[in-house]
There are 2 protein chains.
Amino acid sequence: MTTEALSRVFAALADPTRRDMVARLAEGDATANQLAEPYQMTLQAVYKHLRVLEQAGLVTRPPGPQPRPVRLEVHVFDLMDNWIERHRRRAEQRYRRLDALLAEMSGDEA
Amino acid sequence: MTTEALSRVFAALADPTRRDMVARLAEGDATANQLAEPYQMTLQAVYKHLRVLEQAGLVTRPPGPQPRPVRLEVHVFDLMDNWIERHRRRAEQRYRRLDALLAEMSGDEA
DNA sequence: CGGCCTTTCAACTTTTCGGTTGAAAGCCAC
DNA sequence: GTGGCTTTCAACCGAAAAGTTGAAAGGCCG
């Protein structure tokens, strides 16, 4: 279900800590420890956040040697983009139609 | 704080009912009753959702005669767009740099 | 193998969220 | 001004979220 995926992505980004993690991962991969460093919260809490981001598809953790890197998966942004742009466009179209209608009416008046 | 505003917008859109409301409002204004019609939930619950959308700035309810219309405020989408695009761009830049580096290295090899 | 670092599991607490019920205002029209 | 819509307020409930502690695996290197 796309709608559940969308809910998970939006919910994941609704948390400022997770948003900060994503922002930092946009600059480059990082280990869980590096990610945790700026926050004063347990390492376990950071892993929990990572699991949320992972299940939202925003992040992967490629297998390999022990301190596994966390990698941002940008293509998930497209999901949000699509949703946002679709409705933005629809609403703006409505505005344009309304403007046109108003213009026509004032033209008739003149 | 912009970060709180962002949290509120993302959190508001993390709920499928609220997302559906926004989608329908993109087609045109509606009253609370009209909005509530498709869902089997109390009218009060709908008003609660509207309050969340309102506090996220996604929706306004212009004053006037009693069945007050709910109006979508598209410009709030820009907030999300900015955030998303900024980090998407940064990550994609990284990818490009990485590609260039790899190309350079394989060029050195040849 | 042993030990250390990384990662996960589990249980518990506190808040927040989505929803309900019930009641109270507000406002509009007749 | 009373009656019927719309809107809000308040208290409550169950479930989920964010964080903690404590413990257990997993994996890597000397």
Side-chain angles (χ1 to χ4, degrees), chain A residues 1 3-25 28-73, chain B residues 1 3-25 28-73:
Chain A
M1 203 75 86
T3 182
E4 283 175 24
L6 215 42
S7 289
R8 272 194 292 268
V9 177
F10 278 126
L13 294 181
D15 183 279
T17 303
R18 265 166 344 227
R19 229 162 36 234
D20 188 59
M21 289 178 172
V22 167
R24 290 166 58 209
L25 287 169
D29 294 0
T31 68
N33 246 303
Q34 291 169 333
L35 275 178
E37 199 261 316
Y39 319 122
Q40 59 242 42
M41 83 177 65
T42 329
L43 207 48
Q44 285 97 315
V46 171
Y47 278 110
K48 270 195 178 182
H49 281 306
L50 285 180
R51 206 173 108 269
V52 173
L53 289 171
E54 219 170 340
Q55 290 180 336
L58 277 160
V59 133
T60 56
R61 309 180 57 204
Q66 250 312 26
R68 289 160 68 203
V70 182
R71 183 186 316 313
L72 185 63
E73 295 295 332
Chain B
M1 204 74 87
T3 184
E4 282 174 25
L6 215 42
S7 289
R8 271 193 292 266
V9 176
F10 277 125
L13 294 181
D15 183 275
T17 303
R18 267 170 336 231
R19 231 160 37 235
D20 188 59
M21 288 178 173
V22 167
R24 291 167 57 211
L25 287 169
D29 294 0
T31 67
N33 248 304
Q34 291 169 334
L35 275 179
E37 199 261 316
Y39 319 121
Q40 59 242 38
M41 82 178 65
T42 330
L43 207 48
Q44 284 97 315
V46 171
Y47 277 110
K48 269 196 179 181
H49 281 306
L50 285 180
R51 206 172 109 269
V52 173
L53 289 172
E54 218 171 339
Q55 289 181 336
L58 278 160
V59 132
T60 55
R61 310 180 59 203
Q66 250 312 27
R68 288 160 68 203
V70 181
R71 182 185 317 312
L72 185 63
E73 295 295 332

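None of these values were measured; they are calculated from a predicted model. Heavy atoms only: backbone and side chains are in, while hydrogens, waters and symmetry mates are out. Within every chain, numbering begins at 1; the chains are lettered A, B, ... in the order of the sequence lines, protein sequences first and strands thereafter.
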Between N or O atoms, less than 3.5 Å apart, protein on one side and nucleotides 28-30 of chain C on the other: list the pairs.
none

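- We find that CD of Q34(A) is positioned 16 Å from P of dC5(C), with the value rounded to whole Å.
- Counting only residues at least two apart or on different chains, no salt bridge (charged side-chain N to carboxylate O under 4.0 Å, His left out) pair has a member in residues 31-42 of chain B.
- The CG atom of L43(A) sits 17 Å away from the P atom of dA23(D) (whole-angstrom rounding).
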Checking T31(B) against V70(B) for the side chain to side chain contact (heavy atoms under 4.5 Å, CB included) test, could you report, in this order, the C-alpha distance in whole Å, the side-chain angles of both residues, the deciding distance, and whether it holds? CA-CA 6 Å; T31(B) 67; V70(B) 181; over 6 Å; no

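- A heavy atom closer than 4.0 Å to some atom of DNA chain D occurs in no member of residues 3-23 of chain B.
- A search for side-chain contact (heavy atoms from CB on, under 4.5 Å) contacts involving A56(A) returns R8(A), V9(A), A12(A), L58(A), not counting sequence neighbours.
- Distances from the side chain of H49(B) to the nucleotides dT20(D), dT20(C), dG18(C) place dG18(C) closest.
- For Y39(A) and dT20(D), the OH to C1' distance is 19 Å, given to the nearest whole Å.
- One can place CZ of R61(B) at 16 Å from P of dG26(C), the figure rounded to the nearest angstrom.
- Remark: T42(B) pairs with no residue by the side chain to side chain donor-acceptor pair (under 3.5 Å) rule, at least two apart or across chains.
- Closest to the side chain of Y47(A), from the set dT8(C), dT7(D), dG19(D), is dT8(C).
- Here the shortest heavy-atom pairing between A14(B) and F10(A) reads CA-CB, 3.7 Å.
- Qualifying side chain to side chain donor-acceptor pair (under 3.5 Å) partners for R19(A), counting only residues two or more places apart in sequence or in other chains: T3(B), S7(B).
- Sorted by first then second residue, the salt bridge (charged side-chain N to carboxylate O under 4.0 Å, His left out) pairs that include residues 39-53 of chain B, not counting sequence neighbours, number zero.
- Where N33(B) and T42(A) meet DNA chain D, the nucleotide closest to each residue was compared, and N33(B) sits on the side nearer the 5' end.
- Scanning for side chain to side chain donor-acceptor pair (under 3.5 Å) contacts around D29(A) gives R71(A), with sequence neighbours left out.
- Applying the salt bridge (Lys or Arg N to Asp or Glu O under 4.0 Å) test to D20(A) and every residue at least two apart in sequence or in another chain returns nothing.
- Legend: side chain to side chain donor-acceptor pair (under 3.5 Å) pairs involving residues 59-68 of chain B, not counting sequence neighbours, sorted by first then second residue: T60(B)-E73(B).
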In 5'-to-3' order, the base (B), backbone-only (S) or no-contact (-) status of each nucleotide in nucleotides 9-15 of chain C, using a 4.0 angstrom heavy-atom cut-off, is B------

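- Counting all heavy atoms, side chain and backbone alike, A30(B) lies closest to Q34(B) at CA-OE1, 3.3 Å.
- Look at CD on Q40(A): it is 17 Å from P on dA18(D), rounded to the nearest Å.
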